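Everything on this sheet refers to the single structure shown next.
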Amino acid sequence: MMSRESLPSDFFDRLSPKKEGLLQVLLDADGEWIEGPRVRQQMRDQYGLSVPDKSGAIASHQGHFTQRYSKQFSRDVINVRWANKSKGIAEYRIGDTYRDELGDYFGK
């Protein structure tokens with residue numbers, strides 16, 4: 001049996017409501033890319049979160065994962081790419097590495 005990566009033992013204990021909402025929105029997208037403004041709107045609409053409109057709102061959550069764990073870990077949890085670099089719009093999706101573990105935790 002192949003060994004698979006597992007989330008750090010403290011990962012779920014350290015999630016803020018906004019990080020939980022972000023991960024759930026990305027899990028709901030089922031691996032599809034979603035532009036940042038839509039992610040933020042869904043976090044507000046589906047989870048009642050106060051999320052700023054500015055584009056750095058999601059990047060700040062990724063930054064927390066980077067600071068606490070590593071840049072590679074952050075990118076394994078949430079994939080990001082530019083949708084429109086000149087307008088500062090990025091797209092996000094849940095990473096493949098931890099998708100099953102995150103889905104199990106959130107019942108998705």
Side-chain angles (χ1 to χ4, degrees):
M1 183 172 168
M2 203 169 119
S3 70
R4 72 176 185 95
E5 301 256 358
S6 184
L7 289 164
S9 59
D10 65 348
F11 181 80
F12 293 109
D13 293 335
R14 295 182 174 273
L15 286 181
S16 66
K18 288 182 184 177
K19 283 182 190 61
E20 285 188 12
L22 171 60
L23 292 170
Q24 290 188 75
V25 165
L26 296 177
L27 283 165
D28 289 342
D30 202 26
E32 297 296 317
W33 290 97
I34 310 176
E35 286 189 359
R38 196 167 131 225
V39 172
R40 294 189 297 277
Q41 189 61 49
Q42 287 183 7
M43 289 171 70
R44 289 188 285 267
D45 293 349
Q46 295 174 6
Y47 299 99
L49 297 167
S50 173
V51 182
D53 281 326
K54 63 183 188 213
S55 60
I58 298 170
S60 69
H61 294 300
Q62 284 196 286
H64 295 153
F65 291 145
T66 299
Q67 289 173 346
R68 185 159 316 276
Y69 305 106
S70 73
K71 187 172 189 172
Q72 185 60 53
F73 175 80
S74 176
R75 290 174 186 228
D76 286 343
V77 173
I78 300 173
N79 299 156
V80 61
R81 69 181 184 191
W82 285 111
N84 187 328
K85 194 170 186 175
S86 67
K87 292 185 179 181
I89 297 174
E91 291 180 312
Y92 302 89
R93 72 176 180 183
I94 203 75
D96 291 332
T97 306
Y98 304 106
R99 181 184 304 190
D100 291 343
E101 195 171 352
L102 290 165
D104 289 348
Y105 179 82
F106 289 112
K108 298 191 181 276

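Owing to the predicted nature of the structure, the values given are computational and were not obtained by experimental measurement.
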Which atom pair, heavy atoms only, marks the closest approach of [X] to [Y]?
X: Leu7; Y: Glu101; value: N-OE1, 3.0 Å
X: Pro17; Y: Leu49; value: O-CD1, 3.7 Å
X: Ile94; Y: Asn79; value: O-OD1, 3.9 Å
X: Ser50; Y: Pro52; value: O-CD, 4.1 Å
X: Ile34; Y: Ala29; value: CD1-CB, 3.2 Å
X: Ala57; Y: Val51; value: CB-CG1, 4.3 Å

Please examine the side chains of [Y] and [X], heavy atoms only from C-beta on, and report whether any two atoms are closer than 4.5 Å.
X: Phe106; Y: Glu20; answer: yes
X: Gln62; Y: Tyr92; answer: yes
X: Phe65; Y: Leu15; answer: yes
X: Gln41; Y: Arg38; answer: no

Open item on the list: Other residues, nucleotides and ligands only: do more than 12 of their heavy atoms fall within 6.0 Å of CZ on Arg75?
Closed with: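 Count not over threshold, so no.
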Open item on the list: Is it the case that over 12 heavy atoms from other parts of the model lie below 6.0 angstrom from the NZ atom of Lys108?
Closed with: yes
TODO: Check whether any side-chain N or O of Glu35 sits under 3.5 Å from a backbone N or O of Ala83 as a donor-acceptor pair, and report yes or no.
DONE: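 Between the backbone of Ala83 and the side chain of Glu35 there is no qualifying donor-acceptor contact (under 3.5 Å).
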Gap between atom [atom2] of [Y] and atom [atom1] of [X] - 0.5 Å precision:
X: Lys19; Y: His61; atom1: NZ; atom2: NE2; value: 5.5 Å
X: Arg68; Y: Ser74; atom1: CZ; atom2: OG; value: 12.5 Å
X: Tyr69; Y: Asp76; atom1: OH; atom2: CG; value: 13.5 Å
X: Leu26; Y: Met43; atom1: CG; atom2: CE; value: 8.5 Å
X: Thr97; Y: Ile78; atom1: OG1; atom2: CD1; value: 12.5 Å

Open item on the list: For a side-chain hydrogen bond (donor to acceptor under 3.5 Å, both in side chains) check, start with the C-alpha distance between Asp28 and Gln24, then their side-chain angles and the critical distance, and finish with the verdict.
Closed with: CA-CA 6 Å; Asp28 289 342; Gln24 290 188 75; over 6 Å; no
Open item on the list: Looking at Arg40 and Asp53, is there a salt bridge between them, counting it only when a charged N and a carboxylate O are closer than 4.0 Å?
Closed with: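 Looking at Arg40 together with Asp53, the answer is no, because their closest N to O distance does not fall below 4.0 Å.
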TODO: Test Ile58 against Val80 for side-chain contact (heavy atoms from CB on, under 4.5 Å), laying out the working first.
DONE: CA-CA 10 Å; Ile58 298 170; Val80 61; over 6 Å; no
Open item on the list: Can you tell me how the ring of Tyr105 sits relative to the ring of Phe12, calling it parallel under 30°, perpendicular over 60° and tilted otherwise?
Closed with: parallel
